[in-house]
Amino acid sequence: MTAPLLSLRDLRTEYRTDRGTVQAVRGVDLTLYRGEILGLVGESGSGKSVTCMSILKLLKRGGHITSGSADYDGTDLLRLSEGQLSRVRGDKIGVVFQDPMSALNPTMTVGRQVEEVLLQHRKISKKDARARAIELFKLVRIPSAETRIDNYPHEFSGGMRQRVMIAIALACDPDLLIADEPTTALDVTIQRQILALLKELRDRLGMAIILVTHDLGVIAETADRVMVLYGGQIMEEARVADLFEAPQHPYTRGLLAAIPDPRQSGGALTPVPGSPPDMRNPPSGCPFAPRCPKAMAICLTPPDLYGAGDALHLRPAQRTRCWLADPAVPAELMEAT
Amino acid sequence: MTRAALTPEMWQPLAANPTALAEGSSPQATRGFWAGVRSRLFRHRSAMAGLVFIIFLVLAAIFGPMVSPYSYFEQNLELSNLPPAYRAYTVDADTEVFVNRSNLSLYRVDDQGGLSALLRPDSRDMINRQSTWQIGDKAVVLDYGQRPPVLTINGEVAQSGGLSINARNPFGTDQLGRDVLVRQMYGARISLLVAAAAVLTNFVIGVIYGGISGLLGGRVDAVMMRFVEIVATIPLTLYVILMMVVLQSGLLSVVLAIGTVYWVDMARVVRGQILTLKGQDYVAAARTMGASTSRILFKHLLPNAFGPILVTLTMLIPSAIFIESFMSFIGLGVTPPQASWGTLTSEAVETLRAYPYQLLFPAVAISLTMLAFNFLGDGLRDALDPRLSS
Amino acid sequence: MNSASRMPLAWLAQRVLMMLVTLLAVITLTFALMHAVPGGPFVSEKMLAPEIEAALNAKFGLDQPVWRQYLSYLWGVVQFDLGPSFKYPGVSVNSMIAEGLAVTAQTGLLAIICVVALGVPMGIVAALNRGRWPDTLAMFVASLGIAVPSYVIATVSLYVFALRLGWTPAFGLDDWRGYILPVFALSGFWMSFVARLTRSSLLETMGQDYIMTARAKGLPAHTVMLRHGLRNSMIPVVTVLGPVVANLLTGSFVIEQIFALPGIGRHFVLSITNRDYTAIMGITIFYAAFLMLMILIVDLLYLWLDPRISYGDRK
Ligand SMILES: Nc1ncnc2c1ncn2[C@@H]1O[C@H](COP(=O)(O)OP(=O)(O)O)[C@@H](O)[C@H]1O
Ligand code: SF4
Ligand SMILES: [Mg+2]
């Protein structure tokens, strides 16, 4: 394979609040290749949003990246100044947020919101920006683009608004699109349309996509590769087909077992018993231990993220963070898996 | 973790070790809502400063006039317009005097350092503009032909001593010779009284009005809220002024007028709270169990609406205090000889050129009080809304 | 959608109707209040001979039944005639208002300008420097501005700047410097209020999702703030401008008195001490009408500021 488009190493991000420091992301590694759709899945609060927003340092107040690097096209994004980063944001990397109701400025026409990003990064006239905005609206299939462009966000439905968001994100032909739960706020039919659109745009424009979701069905339908996050760490990483066929991590298994047909969207991740850890004071060992049906004494020590080379059962691109994948695991436990 | 350390027992199931599991999952017991509010409020420095000041003020208002040797109405025209601090002139070994250059009077300094006796001049020379006092064997002459007037003792220009506090009236006296300190404390009484009455009546009216409107809903609610809209468009000051015109000035009228103007905000807050709470499960549960409307109102809804109501009430206090002093300042509030910070200010304005320091006490008192209540209200609002404090 | 279709005539008509109803309520209320004053309007006067009192009563129509007086007063108001002054023979309430209006409008307008032109930037500076010294300083000054009553600001500044330092005249508006203290005292509270509101509204707005979108577009920080933050955060500020106008008007009672400015507020306070009932009624009604007009204007301003608002859709 060619050199990765983005490679994130040992990302650690925390939020400092007056009720303590939240360790939102605790050492995430992520590699993304051109044209690839990488799914990021996990329960709410597992650190998906913080992980992908850290790439562009788009953190809310109190958020700090304490370590790590994000190598993008030869530059470490995490070392860039705000000014340098703003040349990457919106131009090389586009972002689509979860809630299209609140992610668009209510007092500005959608057209201006698209033109704005073009005028920021491209040397073009206002007229050309408008023409390009109409073109983008057509690309994301907003009907009667020429007139709708002068409307305000509240005059659109949720699905249409998300298309506007996608148009904004794609305006400057980015190499990477970060889509943070782009369909969570939409109903199921609209959700399918938006996912199909994203996939089609990837095929036509060739950009890579990081697709955040807490819906395994969305992953099954859309992603090429998937990473399961829990407690700010990667629990399992695999090609989509491998994850569904041979899940290794007890958490992943729990997720899959709880869904009758995981390849259907709408399979939201709630049914694993128990609740996620408090990230102000995360468990010192395996974060899943308090909920894990297989938990062992050793699980109070943090397990490694095993790759295919150093663990049992793993497929080529698969990694898992669980003691059960350790080569030293007793044979009778192996049977049980 | 070194691999060599792996031992067989490490692979034993962990279910037998629940305490180890509990670690990390819940770092602190979830405190009660009000405990959280209280601790956030106590950490709010300006709110605490406000609270301390308010407690001090309440104590001064209640006990101050009781322990003071003077009453707020007792006049002593001989001792009018005396300052809180003065510079004395030594006439002889046991006589020190103070000259009030604005009214050309001479006062004897008593043993305690207070200005307690007016000395009448033994002769007045209106033509040369001089007054003369014979004190012991000294002739004390005040020459007011010059500006400022000059005091001479036996023909020599007298030198004044250092600044000393007027022990008799530490805040000085007003134009009628009344003790400013006791009038200040009495003014605090009036302000706090008006505030308390305003809070109480507006609370009752607002809760009843808003409660009925919110609970009944529908057409009644629509009509009641329209009425509130109409009332809200009339400026409150204007309304209070009109009420005062009708009721004639006086403390009771002030209390009545202010007590009936601020309920609109309260009614809106209560109604809003009730509408949001109405949909919640436990109210529905209470209804199915056959609780009456008033029972639901008092037992379930109001305790929950308590926070926002409390903030509205706290914020109402400075408004009431302000309106009372404003009305008294323009002469529509309490009637003389009663003192309020507003009348004290306006009296001080009358003598602003001669005795500017008289403005200081009422101005500082009302400003600090308003500041204290505002700080407390802000702190309370922040404390009740954990979202804001992150 | 253009603004015309968001403000259908039906809405405007309903709005104006509502204003008229409110105004009628105000007229009725003030009329009732003024007629509820114990004793007749002439009681405070030195013992009037009965025949003179009767003549006066006849002159002001007080010998008529109350409903008659009410109707004829109402009829007068409809024709923009607020009747004659009780206390100044030959002077109409209309002319009293007309005379004071220029002064009150001038100081009021200047005060509004101060409130917006100083209060808003103060709030912005505080929000931009959240938690640092400019924020602390601005909010401390604003706390003072909110706490210290306008008449205290007026008297203290009168003493310091006019009497002590002699920088400004102590009364009157003959010199432009004469405007400084009254306008300062009049706008102090609302300037502080607007500064605090701007700060909190801007901080709240800057926490919105669309601000994150703007940042994700690669817009520079100041563009995010000015283009996306400020406009949206001004919506609540505009909401209070209606009440601000009302309160500046009532605030002017005391300010005009302290600085001896011949405005409507001074007329009003004078007519209260004089028990000039027709003047009290007339000026109150004038205030109420003016106020409602202001609120209507604010509503229209709203329409321009917030495209989500459509008065046509209201149930
Ligand atoms: N602005 C914030 N302030 C404090 N904590 C935050 C903030 N945003 C996220 N967190 C915390 O970081 C962790 C990860 O959050 P996030 O990445 O948003 O989860 P998700 O997987 O649902 O996207 C959570 O524990 C969350 O509480
Ligand atoms: S490491 Fe232990 S607790 Fe964690 S998932 Fe694996 S078996 Fe469960
Ligand atoms: Mg998220």
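Reckoned from all heavy atoms, side chains included, excluding hydrogens, waters and symmetry mates. Every chain is numbered from 1, with letters handed out A, B, ... down the list of sequences.
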Please look at C:L291 and chain B and tell me whether the side chain, the backbone, both or neither of the residue comes under 4.5 angstrom of a heavy atom of that chain. side chain
Can you give me the closest heavy-atom contact between C:Q257 and B:I330, atom names plus distance? OE1-CG2, 3.5 Å
Using non-hydrogen atoms only, which part of C:M18 is less than 4.5 Å away from chain B: side chain, backbone, both, or neither? side chain
With the side chain counted from C-beta on, respond yes when C:V21 and B:R226 share a heavy-atom pair under 4.5 Å apart, and no when they do not. no
Look at the rings of B:F322 and C:Y151 and say which category their plane angle falls in: under 30° parallel, 30 to 60° tilted, over 60° perpendicular. parallel
I'd like to verify something: which residue of B:S325, B:A363, B:P318 has the highest number of heavy-atom pairs under 4.5 Å with chain C? B:S325
Part of B:F373 within contact of chain C (heavy atom distance under 4.5 Å): neither
Identify which part of B:L368 has an atom lying under 4.5 Å from any heavy atom of chain C, answering side chain, backbone, both or neither. neither
Distance (rounded to the nearest 0.5 Å) between C:M139 CE and B:D378 CG: 11.0 Å
Heavy-atom nearest pair, B:S367 first then C:P149, reads OG-CD, 4.0 Å
Which atom names give the shortest non-hydrogen contact between B:V349 and C:T155, and what distance separates them? CG2-CG2, 3.2 Å
Give a yes or no on whether B:Y357 atom OH has more than 12 heavy-atom contacts from other residues, nucleotides or ligands under 6.0 Å away. yes
Can you tell me how far the CD1 atom of C:I146 sits from the CG atom of B:L371, to the nearest 0.5 Å? 10.0 Å
With a 4.5 Å limit on heavy-atom distance, are the side chains of C:S143 and B:F375 in contact? yes
Heavy-atom distance under 4.5 Å to chain C: side chain of B:L352, backbone, both or neither? both
Region of C:I153 that comes under 4.5 Å of a non-hydrogen atom in chain B: neither
Turns out that what part of C:I258 lies under 4.5 Å from chain B's heavy atoms comes down to side chain
Report the distance from atom CD1 of B:I241 to atom CZ of C:F253, rounding to the nearest 0.5 Å. 4.5 Å
C:F184 CZ: over 12 foreign heavy atoms closer than 6.0 Å: no
For the OG1 atom of C:T22 and the CZ atom of B:F227, what is their distance to the nearest 0.5 Å? 11.0 Å
Can you find a pair of side-chain heavy atoms, one from B:L242 and one from C:M34, that are under 4.5 Å apart? yes
